[in-house]
Amino acid sequence: MAEMNIQEVLAHLPHRFPFLMLDRVLECEPGKRILALKNVSANEPYFPGHFPHLLVMPGVLILEAMAQAAAILGFRTIGIRPDDKYVYYYAGIDNARFKRPVVPGDQLVIEITVRGTKRGIWKFACVSRVGGAIAAEADILCAMRPITGER
């Protein structure tokens, strides 16, 4: 049940500002689950355009935060850290549902559970909550692939 501060999060993700969506890991059980935190601030770079009259965190960025937490769980499970040789891709998103808006001042608590892995593809059950209420949930598939320079 290892907690991770922002420096440890940065060591386990290739993402950087403005696309880093996690601030802390509260709990991590490699191979099982992770609980991560995103503090939503009015200073987020997407708020001036989404929506200027009603600040709402875009649903796709909530999904991205869940994928970043899943990536940390995957890397911690297999005992490696990201480098310039591998990238962690989305392979699919199923059953995505958005239950409530996420707004400045909210703390998004992201819980990811490993559902399984097969041939390098991981399946995760993901739930994001604010104040205990579900904000979003989805099943995501992720794959770690070598960077080849080809597209």
Side-chain angles (χ1 to χ4, degrees), residues 1-50 55-117 120-145 147:
M1 296 289 208
E3 187 171 334
M4 298 168 63
N5 64 27
I6 189 62
Q7 296 305 321
E8 293 166 303
V9 168
L10 288 167
H12 284 84
L13 287 176
H15 305 80
R16 295 297 180 262
F17 181 83
F19 216 69
L20 180 66
M21 296 291 143
L22 300 178
D23 294 310
R24 170 175 297 280
V25 170
L26 303 172
E27 300 173 12
C28 184
E29 284 184 82
K32 294 184 180 177
R33 86 185 254 286
I34 192 168
L35 196 63
L37 180 68
K38 164 68 176 154
N39 293 307
V40 181
S41 163
N43 294 327
E44 304 287 349
Y46 45 81
F47 280 138
H50 194 270
L55 306 181
V56 176
M57 184 176 184
V60 296
L61 294 181
I62 297 170
L63 291 171
E64 176 63 25
M66 291 191 286
Q68 289 181 18
I72 291 173
L73 179 56
F75 284 127
R76 293 286 305 267
T77 297
I78 61 176
I80 67 167
R81 292 189 182 196
D83 58 25
D84 60 354
K85 296 175 183 65
Y86 288 91
V87 68
Y88 207 72
Y89 285 113
Y90 262 124
I93 304 168
D94 297 318
N95 307 312
R97 297 288 180 267
F98 302 94
K99 308 287 186 174
R100 72 177 297 280
V102 176
V103 299
D106 285 346
Q107 275 196 331
L108 194 62
V109 178
I110 302 157
E111 183 174 14
I112 310 297
T113 306
V114 174
R115 283 239 172 115
T117 183
I121 307 271
W122 293 72
K123 185 171 186 177
F124 300 98
C126 310
V127 179
S128 293
R129 294 180 175 87
V130 174
I134 295 175
E137 56 190 351
D139 296 322
I140 63 172
L141 301 170
C142 296
M144 189 182 323
R145 297 290 184 246
I147 297 173

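Remember, predicted model here, so these are calculated numbers, not experimental data.
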> Does the pair L61 and F19 meet the rule for a side chain to side chain contact (heavy atoms under 4.5 Å, CB included), with working shown?
Replying inline: CA-CA 9 Å; L61 294 181; F19 216 69; 4.0 Å; yes
> Can you list the steps and then say if V9 with D23 is a side chain to side chain contact (heavy atoms under 4.5 Å, CB included)?
Replying inline: CA-CA 7 Å; V9 168; D23 294 310; over 6 Å; no
>> The test is side chain to side chain contact (heavy atoms under 4.5 Å, CB included); show your working for I72 and L22 and say whether it passes.
In response: CA-CA 10 Å; I72 291 173; L22 300 178; 3.8 Å; yes
>> Applying side chain to side chain contact (heavy atoms under 4.5 Å, CB included) to Y90 and L63, what does each step give before you reach the verdict?
In response: CA-CA 10 Å; Y90 262 124; L63 291 171; 3.5 Å; yes
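Taken to the nearest 0.5 Å, the CD atom of E27 stands 12.0 Å off from the CG atom of L73. Interatomic distance, NZ of K38 versus CD of E44, reported as 3.5 Å (0.5 Å rounding). Atom-to-atom distance recorded for C28:SG and H12:NE2 is 8.0 Å, nearest 0.5 angstrom. The CH2 atom of W122 sits 6.0 Å away from atom CD1 of I78, with the distance rounded to the nearest 0.5 Å. Here the straight-line distance linking atom CD1 of I110 with atom CG of L108 works out to 4.5 Å at 0.5 Å rounding. Within the model, atoms CG of L13 and OH of Y88 stand 10.5 Å from one another, a figure rounded to the nearest 0.5 Å.
By the 4.5 Å heavy-atom criterion applied to side chains, L20 and I6 are counted as neighbours. Side-chain contact between I93 and I140: present, with at least one pair of heavy atoms (C-beta onward) separated by less than 4.5 Å.
Evaluation of the side-chain hydrogen bond (donor to acceptor under 3.5 Å, both in side chains) test over residues 100-117, restricted to residues two or more places apart or in two chains, returns R33-E111, N39-Q107, R100-D106, E111-R129, R115-D139. Residue pairs satisfying the side-chain hydrogen bond (donor to acceptor under 3.5 Å, both in side chains) criterion with at least one member in residues 66-76, sequence neighbours excluded, are listed as follows: E64-Q68.
Contact between A69 and A36 at its shortest, heavy atoms only, is CB-CB, 4.1 Å. Across all non-hydrogen atoms, the minimal contact from V40 to V103 is CG1-O, 3.6 Å. Between A135 and V102 the shortest heavy-atom distance is CB-CG2, 3.8 Å. In this structure, P18 and P45 approach most closely via the heavy-atom pair CB-CG, 3.6 Å. Nearest heavy-atom pair across N5 and Q7 is OD1-N, 3.0 Å.
By the neighbour-count criterion of 12 heavy atoms within 6.0 Å, atom OH of Y89 is sparsely surrounded, having that number or fewer from other residues, nucleotides or ligands.
Of the listed residues (I62, N95, V127), just one forms a side-chain contact (heavy atoms from CB on, under 4.5 Å) with E137, and that residue is V127.
The main-chain N or O of V56 is found under 3.5 Å from a side-chain atom of H50 such that the two form a donor-acceptor pair.
With sequence neighbours left out, the ring-ring contact (aromatic ring centres under 6.0 Å, His included) criterion links F47 to no other residue.
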